[in-house]
Structure formats: structure tokens, C-alpha cells
Amino acid sequence: MKRSNFSGFVSLVLVYAILFGTFAVAKPDEGMFMPDQIGKLPITAKGAKIKATDIYNPNGGGLSEAIVKVNIGTGGHGTGEFVSPDGLILTNHHVGFDALVAKSTPTKNYGEVGFAAKSRAEELEAEDYSVTITQRSEDVTSKVLADISDVLVGKDRQDAIAKNIKALEDKEKAGIPAGAEVRIQSLNNGFYYYLFQTLTLKDVRVVYAPPKSIGAFGGDDDNFEWTRHCGDFTFLRAYLAPDGKPASYSPKNVPFKPRKSLTISLNGVREGDFNMVLGYPGGTTRYRESQFINYAENVNFPFLVNWLTTWNNTLLQIGQKDGDKKVKLQSDVASLMNSMKLYQGGIISMRRAEIVRERQEEEAKFDAWANAKDDRKAKYGNVLSDFKKLYADFDKTAKRDVVLRRMPPASATIFAALFQAVRASQSKATLTAEDKVEIKKGLDEIFKARDVMLEHEMIKFYLRSASELPFSQKIEAIDKLFGKNGAQAEEAFARSIAENQNFDSAEEIMKLYALTFEEIRALNPQLFDFISALNREKTATMQRLQKFNEEADKLRLLLLKGMSEMKNKKPYPDANATLRFGFGNVKGYKPREAVTYSPFTTLKGILEKDTGKEPFNAPEKLIELQKVKDFGKYGQGDSVPVNFLSTIDIIGGNSGSPVLNGAGEQIGIVFDGNYEGLGNDMFVSQDYGRTISVDIRYVMFITEKFGNAGWIFQEMNIKGGRVEK
């Protein structure tokens, strides 16, 4: 799903079942299972023709070794898969889009026209990209919690767990291959602990990417919608140093040789077909308490929609005025529009499904069960009442906190930089030379991306959001400065910061780090008194929220343990950007009364949607290929299959995941979910939730017939397809 593609400066800022599934899967297609859980799933009965160990084998050789996490810059990620023994990777166009934008200029805009290497020597460096392979995934919960008594609590318990984790990691690191890494990660607040052995490759290159008019056909209008006609794919390649070790980009590097690569099947997809997916879903919170869902639905998501809308609209205005910036901002705009629509859809989906009420009913059943016996009451009897007390305090300032904890916005460069300098001066911490180098490096980066209009509009947005808070939740520092003067004063203040020439460079900001707060305040008493007061309020808020989260996390672990015990079923872990497995079937859905969606689209539908204007501007060559029915081996009937629907459970981060048939052959590539199924980070709707994938035949058709890049097929294992006439 496109939310995975947070790029450049945006990634720095956005870095932010239905109760339970089981190993037997409570709902047929819900679940993002750990690789070691696959063997307990009913995949053979559902249609798999291969064994669980063919998918994941801790001793090596499973299909999971062909799956990579595609790391984008500092925060975003998607999924990809090796499709050749020479390190060729298939992923989404929107996952690879940052690499195209980074190399683009107004005269050679790869983000717009795409890219096609004619040989390996011409492949394009994907700046700030890397790929990570999971070599092993193991449940080590019993080892981590060994000898740790349930009576051990608080910091003593945390320290004991940390000690066990370090000992296990040190032991495992001793026997891993060169370049590999080992880490143990907590899942679901400590319900699980998993060990991951991974290898990260730092040299990634673009091999072929279709133009935006194919890779993002339909744009934001079609995003999260069905029907779709999008060729959202890109081919990359991973490289190693000649000595076989991971290394940064160098012309001397050689293609990586994966232990496993996928077979491509051109034999087609039919309604009802069983399919599977392996990928790196980014994050879910499907086991959270009802109050958390209510907060997301009514406080957090609405704020995020307004925030992202303001940010995106401002970038669009900037692009209209500056052609160079329009090119550089195109990935950020796509990411922001995607996220904005995602949260909007999530609100609608949660309200339609009445998830808060459903969660409350589930909790009522749990409460009755927990208090029915003394032993259960001792362990779980106070969980829900303690949640109620915790949220009674949290809710008093929830709307205030959602604004304050995001201030100052990093997109408001000078404001954010001044804020950090004031915090440093008031903390009276001694900065080392290394500290100052890192601070300067960070300032250089954010000032490169600085735009006065963006800074002005984002400061104004936050001040306006604060002024609209309920009376009981006002932010004192802001209310004191602007409360009586309103929007006009906020506008003037925002402009005075954005256009301030005294602090408009990294060098000017660095000078403040040599001053005491009293010396900084003397430069502009009103400004720095405001920042100081805001800092105090933000610090107090963050401390209170940290305490809330510590208490809430303890209760969440107890709730998950109790629910698991009550149901006598072990849950699949929430997603956390680690390798997961899911399965389902090809299936349409009914989005509303009197409307039924079939699960397939074809190239003919692109011609129906084509207007000649972005985002429905199909290339003339593509239109001609359909008119003359030049489909090669990739056609079906009188057209080429483009996209299809399935019931597989995915989330952001699964973008680029391979869709596999029962034989483990790739038949498609995940690129989106549907609007009616949003909110699936918190719940899964079997009636409405669908995964949208590119049919692998369309990927191959575009690459060969449109892009003239079929030379890469020589290194791939491709089966089936229609015989060309």
C-alpha cells in the first residue's frame, strides 16, 4: 500500500483483530503470521500445493529467502522479491519512486517518464536505498523470559529481560555469516520475543520503471479505489562488493546471488483461486483497548487528516510557482495525499463497522470471564477497570496533547531549530565536539529542504489548531500570546518566524548553542519567552504521556494474555515491519447497496478511463497495443489482465509483496488496499477488505511490449503464458 513510501524530508516527520486471530485463523483470511507459524496453518486444505517448509525453512531454502524489505531513506519501506539468480528484484513503482525522483531534473524527469536500462552497465543508482533479507526468524520468548518470575515488576523486570536478550544476541552473533546481523525484538508489549537474523545490501539500482502514466495511472483519484488499472511495478537489482560483502554503490560491485528466487507463472488468475503472500507489513494495533480505538477515530485521525491536508496543499502551491521544486516534491506530494486519504478512509471504515462498540462488547465478555473465578480475578480482574481510570485522566487533555506533542512541526524549519536550541540551553547539558557536528549535520539537511511558504503555513496551522481547542484544553503559552488577538496575530507571528533573516541558516542557529538561555532571550524576548513556555508545556506533556504509555503497555500485555487464555487460542503478533505470511482467495466484493465488484480489470478499462490528461493519461503506445491486440504471450481473451482483488490480509509495508499461487509461483504483486477496507491497522473486515495487486502478466507485458526491456527476462524463470500467434 502506498503509505509505505515516505520519502526524504517527509519521512523524518511522518515517523509516527477483530480482536484475535489464531494459528488456525479465526477468520479465514485474517492474519499476518510469523514464518515459524506457517506449519500450523491450514494452507494445504485451502489450496496450497507445497509444504510449509517450502515457504519458510529455518535451515534454509524456503521461498521466504527470496523476499526482501526495501528500505527507503531514513524511514519508509516496502517489500520486494528476487526474481532471478542475479539479484533482480521486483517491487512497486511507488516503492522505487524516490530513486527516480532523486535522479530527476526538469529536463530529464525519471519520475514522469520512467527509466529503462539497456544493460546492467546502465542501471541507475537508487540513492539512499537498501534491501534487507531475513535469513532466520525464531520465537525465543521462553528463552528471554527464562528464570524471570511473574512477581518481578517494573525496572527490575525490564533489566532482567534486557540482560537475557543481550546474552542470547551475543551467543547467536558468534555463529552468523559475515555481514549478517542478529537482533531480538519484543512484539505486542512482550507477549512474544523473536530473534531475527538479517543481511542488508547497500547497493541497489533501478533496472526498469514504467512512466508515471502507467506506474501511477489514476493517481490519487484512483488510490485505494476499485476499479484500478495501475501498472505499479519497478525492477531493481541488488549488488555486493567483489569480496562478497555488503557495500555502498561502486561500479566495481557485482550482482548479489540470492539463495532463492521466485518462479514467474503466466498461467493466469481465476476467481476463487487460493493465493499467498510474503512481505513486511509495517504496523498494526489490532489488540488494543476500546478507548484507544475511540481516540484514534475521534481525535488522532481527524487531526492527522487536517495536518496532512494543509501540508500537501502547501506543497502543491509551491510546485505551481517553482518548476524545479515541483519535480523534487512529487514524491512527497504523492506520500502526503496517500496518507491523507488513508486516515480519512480509516475513520469512515471504523465508524461504519462500529469497532468501538464491538471492542467494548468483547471486553465485557472478558470482564465477566476474568471475574468468574478467583485465580483469574487475581490476574485479570482489574485490567479493564484500570484502563478506565487511566483514560479518565488521558481524555481530559487528549485533543490538546495531539497538537502539543507534534509542536513545533519539523516542516517549520526555523521554528523547530530555534526550539531545539532553546531546549539545549535550558537543559544546561554540555555538548561535545561530536554532538555539535551531528547537530550541524542535521541542520544542514533540514535547511536544504526548507521553504518559507511551507514554514509559514505550517506554523499558522498549528497556532490555529491550538486556538480551536476546547476551553479546558487550551495551551497556555499559545493562549497567552494570541488568545485575544486571533487569526491576525497568528498570521503575523507565523510570517515573522518564516521570514526571519537572523536565524535563516544552519550557521546562525549553531551560534545559539554557544549561548545561555538568558543570552538567547535577549535577542528577541517575546519570541524566546514563547518558545521557552511552549517547551515547558511540551516537556510536561511528553513526560505525562510517557507515564501513560508505560502503564497502558502493562495493561495491554495483561489483556492480551487474558484474552488468549479465555479463548484458548494463541494470537498472531501485530505487524512491526518484520517478515510475515498471509493467505486468501481471489474475490470481489459489494461496496454498497446494489453495487457488485468483480475481481479483475484489463487493459480495455484503461482506454475507457483515458482522458489524455493526468492522472488518466494513458501513453499512446499502450493504447495502440490494445487496439491492434499485440499482447504477446501475456494476453487473455481480447485484452491483457491488469489488476485483481484478493482477501489476503495486508497493510502499509506490504507494497511490492509477491502474490503466489498454490505452487508458490508468482502471479501478481501487491500494491494497494481498497478504501472500504481501510482502518485495517486496527481491525479486519472480511466483507469489505481487499488487497489490490498487479497481475504478473501486465508486469511482463509492459516491460517487454511497451518498455522494450525484455532483455531482463533471459535471467528469470518464467512458466506458461499464451502461445503467440
Side-chain angles (χ1 to χ4, degrees), residues 21-25 29-70 77 79-83 85 89-90 131-143 172 175-177 180-185 187 192-200 258-263 274-282 570-584 648-651 653-654 656-667 669-670 717:
T22 72
F23 285 162
V25 195
D29 307 324
E30 178 185 344
M32 299 179 179
F33 299 97
M34 302 301 294
D36 65 337
Q37 296 176 328
I38 299 172
K40 298 179 181 179
L41 298 171
I43 57 173
T44 301
K46 295 291 184 179
K49 297 179 177 61
I50 56 175
K51 303 186 300 292
T53 51
D54 294 326
I55 301 170
Y56 170 73
N57 190 330
N59 299 316
L63 292 175
S64 63
E65 294 186 21
I67 314 304
V68 301
K69 180 182 177 187
V70 183
H77 85 272
T79 299
E81 51 273 6
F82 288 117
V83 290
I89 296 169
L90 180 59
V131 297
T132 299
I133 306 160
T134 299
Q135 298 176 323
R136 183 162 61 101
S137 172
E138 179 185 349
D139 185 348
V140 293
T141 307
S142 61
K143 295 178 182 179
E172 293 291 338
I176 63 175
E181 297 179 355
V182 164
R183 78 182 190 283
I184 293 173
Q185 197 166 340
L187 288 79
Y192 292 102
Y193 289 89
Y194 264 80
L195 179 146
F196 301 98
Q197 179 179 311
T198 59
L199 177 70
T200 297
R259 292 200 291 184
K260 197 74 174 180
S261 58
L262 298 182
T263 295
F274 171 81
N275 49 31
M276 307 177 285
V277 71
L278 285 157
Y280 289 84
K570 200 173 182 181
Y572 64 86
D574 266 322
N576 66 338
T578 55
L579 183 63
R580 301 300 177 93
F581 171 82
F583 62 95
I648 293 173
D649 184 8
I650 61 152
I651 197 72
N654 272 118
S657 295
V659 182
L660 308 172
N661 61 19
E665 302 160 341
Q666 186 166 11
I667 55 173
I669 177 171
V670 170
N717 184 15

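Atoms considered below: every heavy atom in the structure, side chains included; atoms not considered: hydrogens, waters and symmetry mates.
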Quick one, Lys46 and Leu41 - any side-chain contact, counting heavy atoms below 4.5 Å?
no
Flag side-chain contact, heavy atom, 4.5 Å: Tyr280 against Val70
no
Flag side-chain contact, heavy atom, 4.5 Å: Val670 against Val659:
yes
Just by distance, do the side chain of Asp36 and the backbone of Glu138 share a donor-acceptor pair under 3.5 Å?
no
Between Tyr56 and Ser137 (side chain of the first, backbone of the second, donor and acceptor by atom type, cut-off under 3.5 Å), is there such a pair?
yes
Hey, could you give me the OG1/CG distance between Thr132 and Leu579, rounded to the nearest 0.5 Å?
11.5 Å
What is the distance from atom OG of Ser64 to atom CD of Gln135, rounded to the nearest 0.5 Å?
10.5 Å
Are Tyr572 and Phe33 near enough that their ring centres are under 6.0 Å apart?
yes
Got a second to check how far Met32's CE is from Ile650's CD1, nearest 0.5 Å?
7.5 Å
Matching residue for Glu65 among Arg259, Lys260, Arg136 - test: salt bridge (charged side-chain N to carboxylate O under 4.0 Å, His left out)
Arg259
For Leu63 and Glu81: C-alpha separation, side-chain torsions, deciding distance, then whether side chain to side chain contact (heavy atoms under 4.5 Å, CB included) applies.
CA-CA 10 Å; Leu63 292 175; Glu81 51 273 6; over 6 Å; no
Please check this pair: side chain of Ser261 against backbone of Ala66, looking for a donor-acceptor N/O pair closer than 3.5 Å.
no
Kindly indicate, with the supporting measurements, whether the criterion side chain to side chain contact (heavy atoms under 4.5 Å, CB included) is fulfilled by Thr578 and Thr134.
CA-CA 8 Å; Thr578 55; Thr134 299; over 6 Å; no
Do the non-hydrogen side-chain atoms of Leu278 and Ile55 ever get within less than 4.5 Å of each other?
yes
Side-chain contact, heavy-atom cut-off 4.5 Å: Arg183 with Phe196?
yes
Nearest 0.5 Å, what's the OG1-CG distance between Thr141 and Leu195?
11.0 Å
Return yes if some donor-acceptor pair links the side-chain N/O of Thr198 with the main-chain N/O of Ile133 below 3.5 Å, else return no.
no
Taking all non-hydrogen atoms of both residues, which atom of Gln37 and which atom of Pro571 are closest, and how far apart?
NE2-O, 4.2 Å
Check this for me: does any side-chain nitrogen of one of Lys143 and Glu172 sit under 4.0 Å from a carboxylate oxygen of the other?
no
Work out which heavy atom in Pro258 is nearest to a heavy atom in Pro85; give both atom names and the distance.
CD-O, 3.4 Å
Less than 4.5 Å apart, side chain to side chain, heavy atoms only: is that true for Leu660 and Leu262?
yes
Just wondering, do Met34 and Arg580 contact through their side chains at under 4.5 Å, heavy atoms?
yes
